[in-house]
Amino acid sequence: MADPTLQTFCCHYTNRTDRAIAIMQEFNTDAYNTVCMLSSTMGMIGAIYQILPREDSNSSYRWRSFSRGRDIIVWLAVADFLASLGVFVRSALWRNFKSIMPMEGDMSNVIFCAMLSAWIQYFYMATWIWTLCYAVDMKLLLGDKDERPVIYHTLAWVLPAILTTFGLVILYIPDANCHNSTSLSSAILRILPNYFATYVLLAVVMIANPILYLASTRDVETAVLYSMAQMTGRERRLIQTIRLKFALINLVYYVCWTPNLINGILLWTLWFQLPIKAIITLWYIMAVTNPLQAFFNAIVYQSWTRREKLRLECCQDYKSSTDFYLNAIVNVDSNVHVSESSPLLNPRKGYEQKIPYISINGSSSL
């Protein structure tokens, strides 16, 4: 999972009466790491599916921009894949070679834990910002405004680096003894900044995305009405599909990350009163939902209005040569013989039907 609570486990434990020790005595670390490995594997599979190239349609539809929404989704999947990979590596090493909680004087385990925790936190923060960028880009697209790729990349890669560095440096520097605080105020100053850096960004996206998608849905209704000049059952179904897709994108984000917010709030308000089993249950829920974000994204961000086709580079040369050969045969045949059925088999451009098309899908934007 990606949570500041687990990052505190990377610190040295010189105080054997700490509550975290009592929690770890009831915590089945092997089962937990196995769950993390399984969910992160599914997440990596979902991310790879999103990253694989798609075939672009040759049809000339209106309101179609293949690369715009697709670029954001690919970068979201890349960040998701790297975050899930970090969860898998950390859990595999914890399960087979190292302990979750470093022993006293075990500096190598502290460094290993801290570096992987920073990796996971950084890339999951990047996924949150890419999720927000997709919602922003939909709003800009429906407002007939240009995308902002430079701003998207700057926010998605630089801001997580700043927040991750800020939170973890305060937590671990200088001696990684974050549990040796002599007072409540010193503990708050050392541990709370990492929670703050993580959860503020998470909460901002949770609040902003529904607002942006609600505004985008209204823009879609206006755009459909103006482009189609009518509002029949077909247009209503299209708007309902778009509204449902936006709702499911928000739902996936909430399902995957709400347990983290609940965990943080409970730990800072009821740490000494909260039952140990409740804490462990929340950790297992996060171990499942956090890495599965990429798997769920592969479902909700894909095309809903047409079937997506993967483009396999190894097959492109064969397909291109085959298409060229078939086109040559058609051209020769058309020069030799023209019958009454020829216009039906080989329609001229002047007779092609131009149908307005709106596509809100994973591989192309509106």
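Side-chain atoms are counted along with the backbone in the values below, which use heavy atoms only and exclude waters and symmetry mates.
- The side chain to side chain donor-acceptor pair (under 3.5 Å) test applied to Tyr122 returns no partner, not counting sequence neighbours.
- Partners of Tyr213 by side chain to side chain donor-acceptor pair (under 3.5 Å), not counting sequence neighbours: none found.
- With sequence neighbours left out, Trp119 forms a side chain to side chain donor-acceptor pair (under 3.5 Å) with no residue at all.
- When Tyr134, Tyr253, Tyr49, Phe296 are each tested for a ring pair (Phe, Tyr, Trp, His ring centres under 6.0 Å) with Tyr301, only one passes: Tyr134.
- With sequence neighbours left out, the side chain to side chain contact (heavy atoms under 4.5 Å, CB included) criterion links Val136 to Leu132, Leu140, Tyr152, Leu212.
- Sorted by first then second residue, the salt bridge (charged side-chain N to carboxylate O under 4.0 Å, His left out) pairs that include residues 276-291, not counting sequence neighbours, number zero.
- In this structure, the side chain to side chain contact (heavy atoms under 4.5 Å, CB included) partners of Ile45, at least two apart in sequence or on a different chain, are Thr41.
- Looking at residues two or more places apart in sequence or on another chain, you find no salt bridge (Lys or Arg N to Asp or Glu O under 4.0 Å) involving Arg95.
- Every side chain to side chain contact (heavy atoms under 4.5 Å, CB included) that Arg237 has, sequence neighbours left out, goes to Arg234.
- The side chain to side chain contact (heavy atoms under 4.5 Å, CB included) test applied to Val255 returns Leu251, not counting sequence neighbours.
- By the salt bridge (Lys or Arg N to Asp or Glu O under 4.0 Å) test, Asp219 pairs with Lys139, sequence neighbours left out.
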Side-chain donor-acceptor pairs under 3.5 Å in residues 196-207, sequence neighbours left out?
from: Thr198; atom 1: OG1; to: Gln121; atom 2: NE2; distance (Å): 3.4
from: Thr198; atom 1: OG1; to: Asn194; atom 2: O; distance (Å): 2.9
from: Tyr199; atom 1: OH; to: Asp3; atom 2: OD1; distance (Å): 2.4
from: Tyr199; atom 1: OH; to: Asn260; atom 2: O; distance (Å): 3.0

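- Thr127 pairs by the side chain to side chain donor-acceptor pair (under 3.5 Å) definition with Gln293, not counting sequence neighbours.
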message: Please determine whether salt bridge (Lys or Arg N to Asp or Glu O under 4.0 Å) holds for the pair Glu221 and Arg243, giving the CA-CA distance in whole Å, both sets of side-chain angles, and the decisive distance to 0.1 Å.
response: CA-CA 10 Å; Glu221 294 174 356; Arg243 185 183 292 116; 2.7 Å; yes
